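Quick caveat: nothing in here was measured; it's all calculated off a predicted structure. Each chain gets a letter, A, B and so on, in the order its sequence line appears, and its residues count up from 1. These values consider heavy atoms only, across backbone and side chains, with no hydrogens, waters or symmetry-generated copies.
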There are 2 protein chains.
Amino acid sequence: MEPGDSTKQARAAAQLRKGVLEYCVLALMRDRPRYGVELLQALEDSGALATSQGTVYPLLSRLRRDDLVTTTWQESTSGPPRRYYALTESGRAALEEFTRVWPGFRDAVDTFLTTPHPAHPSTGDPA
Amino acid sequence: MEPGDSTKQARAAAQLRKGVLEYCVLALMRDRPRYGVELLQALEDSGALATSQGTVYPLLSRLRRDDLVTTTWQESTSGPPRRYYALTESGRAALEEFTRVWPGFRDAVDTFLTTPHPAHPSTGDPA
DNA sequence: ACCAGGTATCTTGCATCGCATGGAACCAGG
DNA sequence: CCTGGTTCCATGCGATGCAAGATACCTGGT
């Protein structure tokens, strides 16, 4: 890790991932079942959401525990068998729910970051 | 709580807030010192980031502990004195850092949610 | 003087989450 | 047999949002 920007950027980005990662993983399974390392690589390719196995596998366990995904073992031509994760109906519903909520959240953050916040015209004492 | 959407929406939104709240609070202090209840109301007004005192005050304590904000007591005309929070240089730097990181993160999530994810053309076994 | 209500701040305990670390299993090739 | 690559998973830590409760100040009514 370079000591220059990695510290602050990593800190901000790490907190940012919280909660969003779950739904990005669900989104990755939307059109096709995926297996662990594949998800890891897709997140890595996105840049801003790169993470580690220690994050993804417990996350996948939670998704399975909550019946958002089902898994099937499938043999591979280049290594041990892979566990493929596919969305259940609940998983698809959760993904759609998040897709509905996300724009409002995103725009709210954008507004906070870009809009000036002068003295509130109708709140606080005018003194 | 209505059993329909509130549960899922609340769940998704709650996880979403994690990590972002800190920087939205810093953003609210960018142009003017703020006090606790004022921040709470501003977040409430935004809709998507509404939260409670039990979230904001520990957050403000952390910001002060990490020297991202300084505080000054100021008397009020309508109640007990207020503790106003103002950005330090570190706090302003952290806010700017987040402002730099946020667009990339936001766009990455947008891409995951809106882009179809068919079989990867250059990854995975071609079988 | 007394008490109720609104304003404002802060603490405690809980559940959850990202992550570093480490380990285990399977397969191919030397 | 043994090394290396691939894939999976569990454990423990630190940080965070949150509900619930406690404390204190000020104003106004009786």
Side-chain angles (χ1 to χ4, degrees), chain A residues 1 6 10-25 33-41 43-44 48-66 68-69 71-85 105 123-125, chain B residues 1 7 10-26 33-44 48-66 68-69 71-85 105 123-125:
Chain A
M1 309 182 192
S6 288
R11 181 168 145 71
Q15 301 307 332
L16 224 28
R17 273 186 277 274
K18 296 203 173 190
V20 182
L21 207 55
E22 171 179 346
Y23 297 99
C24 287
V25 167
R34 303 276 196 159
Y35 68 100
V37 174
E38 192 182 5
L39 294 168
L40 218 39
Q41 285 180 345
L43 293 170
E44 183 80 25
L49 284 164
T51 182
S52 68
Q53 295 184 355
T55 296
V56 167
Y57 283 109
L59 168 60
L60 291 172
S61 291
R62 288 194 298 271
L63 294 178
R64 196 163 35 144
R65 181 198 62 191
D66 298 342
L68 299 179
V69 301
T71 67
T72 54
W73 284 99
Q74 203 161 331
E75 302 199 359
S76 163
T77 63
S78 60
R82 301 165 174 170
R83 194 203 283 273
Y84 277 83
Y85 297 80
F105 178 83
T123 310
D125 19 36
Chain B
M1 310 183 198
T7 314
R11 183 170 143 69
Q15 301 309 330
L16 225 27
R17 275 185 277 274
K18 297 204 172 191
V20 182
L21 207 56
E22 172 180 345
Y23 297 98
C24 287
V25 166
L26 289 177
R34 302 278 196 157
Y35 67 100
V37 173
E38 193 182 4
L39 294 167
L40 217 40
Q41 285 181 344
L43 292 170
E44 183 80 24
L49 283 164
T51 182
S52 68
Q53 297 182 353
T55 296
V56 167
Y57 283 110
L59 169 60
L60 291 172
S61 292
R62 289 194 297 270
L63 293 178
R64 196 165 33 147
R65 181 198 61 192
D66 298 343
L68 299 179
V69 301
T71 69
T72 54
W73 283 100
Q74 203 160 329
E75 303 199 359
S76 164
T77 62
S78 61
R82 302 163 175 172
R83 194 202 284 271
Y84 276 83
Y85 297 81
F105 177 83
T123 311
D125 23 33

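- In terms of the side chain to side chain contact (heavy atoms under 4.5 Å, CB included) criterion, residue partners of B/T55 (sequence neighbours excluded) are, by chain and number, B/L21, B/T51, B/S52.
- Computed from coordinates, the A/R62 CZ to C/dC19 C1' distance equals 11 Å when rounded to whole Å.
- The side-chain hydrogen bond (donor to acceptor under 3.5 Å, both in side chains) test applied to A/T71 returns A/R83, not counting sequence neighbours.
- The phosphate of D/dA19 (OP1 or OP2) has a side-chain N or O of B/S52 nearer than 4.0 angstrom.
- Applying the side chain to side chain contact (heavy atoms under 4.5 Å, CB included) rule to B/E44 yields the partners B/A50; only residues at least two apart in sequence or on another chain are considered.
- Within the model, atoms CG of B/L60 and CD of B/Q53 stand 11.0 Å from one another, a figure rounded to the nearest 0.5 Å.
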For nucleotides 6-15 of chain C, read 5' to 3', which letter fits each nucleotide if B means a protein heavy atom sits under 4.0 Å from the base, S means only the sugar-phosphate is that close, and - means neither? -BSBBB----

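- For A/R17 and C/dT16, the shortest distance from a side-chain N or O to OP1 or OP2 is not below 4.0 Å.
- Atom-to-atom, CG of A/L16 to P of D/dA15 comes out at 18 Å; the value is rounded to the nearest Å.
- Rounded to whole Å, atom P of D/dG17 lies 11 Å from atom CG of B/L43.
- One atom, CG of A/L21, and another, C1' of C/dC19, lie 11 Å apart when rounded to the nearest Å.
- Counting to the nearest Å, the P atom of D/dC8 and the CZ atom of A/R34 are 13 Å from each other.
- Atom C1' of nucleotide D/dA24 and atom CD of B/E75 are separated by 14 Å, given to the nearest angstrom.
- Rounding to the nearest 0.5 Å places SG of A/C24 at 10.5 Å from CG of A/L59.
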